[in-house]
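Keep in mind that the numbers below use all heavy atoms, side chains included, and drop hydrogens, waters and symmetry copies.
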Amino acid sequence: MSKFVDRVVVHATAGAGGNGCASIHREKFKPLGGPDGGNGGKGGSVVFVVDAGVHTLLDFHHRPHALGRNGKQGQGGWKMGANAEDIEMLVPDGTVVFSTDGEIIADLTGPGTRFVAAEGGRGGLGNASLASQSRKAPGFALLGEPGESRDLVLELRSMADVGLVGFPSAGKSSLVAALSAARPKIADYPFTTLVPQLGVVTAGADVFTVADVPGLIPGASEGRGLGLDFLRHIERCSVLVHVVDCATFEPGRDPVADIVALEDELARYTPALGGELSERPRIVALNKIDVPDARDMAELVAADVKERFGWPVFAISTASHAGLRELTFAMAQEVREYRAAQPVVEATRVVLRPTAVDDEGFTVEADPELDGGFIVRGARPERWIRQTAFDNDEAVGYLGDRLARAGVEDALAKAGARPHCPVTIGDVTFEWEPSTPAGIAAMMTGRGTDIRLEQSDRVPAHERKAARNARRIPRTDAELAIAQMQASESPWAEPFAEPFAEPFSDGTEEG
């Protein structure tokens, strides 16, 4: 017996990228063949694909772990590693992907719709791709990145045009069986329908689907009974049909009270996909009029229901098929009007959002756990850490060059980092040593400062310029004699002051 599952938790882990290869070309009569290590292949991603032939999440219930394949490693002779194929997981139409925090990530509707649940890791570069003018023959290669790992919640929300709501044993399953070729389980005890049942109905030129969902009872919006397992499947319905049991003998039950109780539960439920259930069109179907007492009850309450709620009311019988034709065409008209009112669905466009040019792509903050330590956060620095083989000194030096070019060293200096202080990037903690002249200068004097400018006894430039201009003013012999006498009498005058220069023939003196 098959089992219906409409909510599962999936642990998706993509494949890791292949490592790059560090190799030197060896050939007779070519002692300096150069690097020829190839790049590693990309890891396989985990992708959800909507398939029209899948109607349940049962496969994920039995196998909740989805693992992608790893990319192949690069080889010598410029041989690139092969990319791993993506793992495609088939999901039913109407599956909604949530994060573990309850945030909607994707709404998968329409056959062929794809969603990358976990992205495969990129392959590492071989030493042939790392060669440059300053590094002719790198003796290292980059490691492949690990694949993305995510925990996701998948929930199935039925893709039906008409949703049948009502108390248990109201006749919803019988109505679906009478209108379509579906054959749900039917019995005369509560909660016979434990899983949604879909049926395709044809009314003239209109074709639509009807969903028979588990019965609703008071308190379902708070999880009572089948609760949210029922309400989840009517979020996409464009029309809601109240199926009312007019032949019930339970005390306190009548058609109007049943409708009021159901509407109260629908008003308390907030759809996760947006919108309000109160905005959906309603139709009331007074069922089981093949029973004499039920026919009398339907005739008594039909006018009252229509006057109180303003919705179309139909008296039907799923046993004798009385009134089903009128109900079918009424549902088709409501579905047709709802579809016409919806905006035209446009093809999904790929939107590229490049990183801003002035965006450094990382942040530096103090480490709350290590005294005097710092934490560098950013996609690029953390990716470089994952790609580095720390058992290779040349690879570590290449990492230091990359961090310095990205401005990490300057940012650490501005944040107050000192030599040998612990710095954490990703999962690696190391002692920081400034490796570039800019980093060393920033550690000694601070970025953009000069210790000579901080001396208080240095004469400013504008004062030196004013003194030079004053010396170039033409003076007579008497003025020069008075200036010389004042300089000699001054207590601050130096005992061996240089004599004044002899005046030129034009009356000026040498500066």
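Checking side-chain atoms of D86 against main-chain N and O of G44 turns up no donor-acceptor pair under 3.5 Å. Under the 3.5 Å distance criterion, the side-chain polar atoms of N83 are left unmatched by any main-chain donor or acceptor of G41. Using modelled atom types, no side-chain atom of T95 and backbone atom of V91 make a donor-acceptor pair closer than 3.5 Å. Under a 3.5 Å cut-off, the side chain of R386 and the backbone N or O of P146 do not form any donor-acceptor pair. Of the possible polar contacts, one joining the D367 side chain to the E369 backbone as a donor-acceptor pair under 3.5 Å is found. Under a 3.5 Å cut-off, the side chain of E148 and the backbone N or O of E119 do form a donor-acceptor pair. Formation of a donor-acceptor pair under 3.5 Å by the T113 side chain with backbone atoms of T109 is found in this model. Judged by distance alone, with hydrogens and angles left aside, the side-chain atoms of T209 form a donor-acceptor pair with the main-chain N or O of D161 at under 3.5 Å. Side-chain atoms of R150 come within 3.5 Å of backbone atoms of A117 as a donor-acceptor pair (strictly under, hydrogens ignored). No donor-acceptor pair under 3.5 Å is formed between the side chain of N127 and the backbone N or O of L130.
Contact detail for V8 and L57: the closest heavy-atom pair is CG1-O, 3.7 Å. Across all non-hydrogen atoms, the minimal contact from P255 to L286 is CB-CD2, 4.3 Å. Of all non-hydrogen atoms in V116 and S45, the two that sit nearest each other are CG1-CB, 4.2 Å. Counting all heavy atoms, side chain and backbone alike, D206 lies closest to A332 at OD2-CB, 3.8 Å. Residues N287 and S317 approach most closely at OD1-CA, 3.8 Å, considering heavy atoms. The nearest pair of heavy atoms linking G43 to A84 is C-CB, 4.1 Å.
Residues L399 and I385 are in side-chain contact: their nearest non-hydrogen atoms beyond the backbone lie under 4.5 Å apart. You'll find the side chain of P64 reaches within 4.5 Å of the side chain of H11, heavy atoms only. You'll find the side chain of I283 reaches within 4.5 Å of the side chain of V239, heavy atoms only. Counting only heavy atoms from C-beta outward, the side chains of V50 and L90 never approach each other to under 4.5 Å. At a threshold of 4.5 Å between non-hydrogen side-chain atoms, the residues F309 and V284 do not count as touching. Considering only heavy atoms from C-beta on, P381 comes within 4.5 Å of I425 through its side chain. Under the 4.5 Å side-chain criterion, counting only non-hydrogen atoms from C-beta, M89 is in contact with V46.
Here the straight-line distance linking atom OG1 of T202 with atom CG of L179 works out to 10.5 Å at 0.5 Å rounding. Between N39 atom CG and L142 atom CG the span is 9.0 Å, to the nearest 0.5 Å. Remark: I87 CD1 to T13 OG1 distance equals 12.0 Å, nearest 0.5 Å. Note that the CD atom of E409 and the CH2 atom of W432 stand 5.0 Å from one another [nearest 0.5 Å]. Within the model, atoms SG of C237 and CZ of R280 stand 7.5 Å from one another, a figure rounded to the nearest 0.5 Å. Rounded to the nearest 0.5 angstrom, M331 CE and L324 CG are separated by 8.5 Å.
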Requested in this report: Could you go through the side chain to side chain contact (heavy atoms under 4.5 Å, CB included) check for W311 and H242 one step at a time?
Outcome: CA-CA 10 Å; W311 303 328; H242 282 278; 4.0 Å; yes
Requested in this report: Apply the test side chain to side chain contact (heavy atoms under 4.5 Å, CB included) to residues F48 and L154: give CA-CA distance (whole Å), side-chain angles for both, the deciding distance (0.1 Å), then the verdict.
Outcome: CA-CA 10 Å; F48 294 149; L154 304 185; 3.7 Å; yes
Report task. Evaluate the criterion side chain to side chain contact (heavy atoms under 4.5 Å, CB included) for residue pair F115 and I105; output intermediate values, then yes/no. Result -> CA-CA 10 Å; F115 170 71; I105 300 178; 3.5 Å; yes
Requested in this report: List the steps, then state whether side chain to side chain contact (heavy atoms under 4.5 Å, CB included) holds for T424 with V376.
Outcome: CA-CA 6 Å; T424 302; V376 179; over 6 Å; no
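Around atom CZ of R69, no more than 12 heavy atoms belonging to other residues, nucleotides or ligands sit under 6.0 Å away. Counting heavy atoms of neighbouring residues, nucleotides and ligands inside a 6.0 Å radius, atom CZ of R377 does not exceed 12 of them. Other residues, nucleotides and ligands contribute more than 12 heavy atoms inside 6.0 Å of the CD atom of E365.
With salt bridges taken as basic N to acidic carboxylate O contacts below 4.0 Å, none links E85 and K42. The pair E334-R282 does not meet the salt-bridge criterion, since no charged nitrogen lies less than 4.0 angstrom from a carboxylate oxygen.
A donor-acceptor pair shorter than 3.5 Å cannot be found between the side chains of T100 and D151.
With sequence neighbours left out, Y398 forms a ring pair (Phe, Tyr, Trp, His ring centres under 6.0 Å) with F140.
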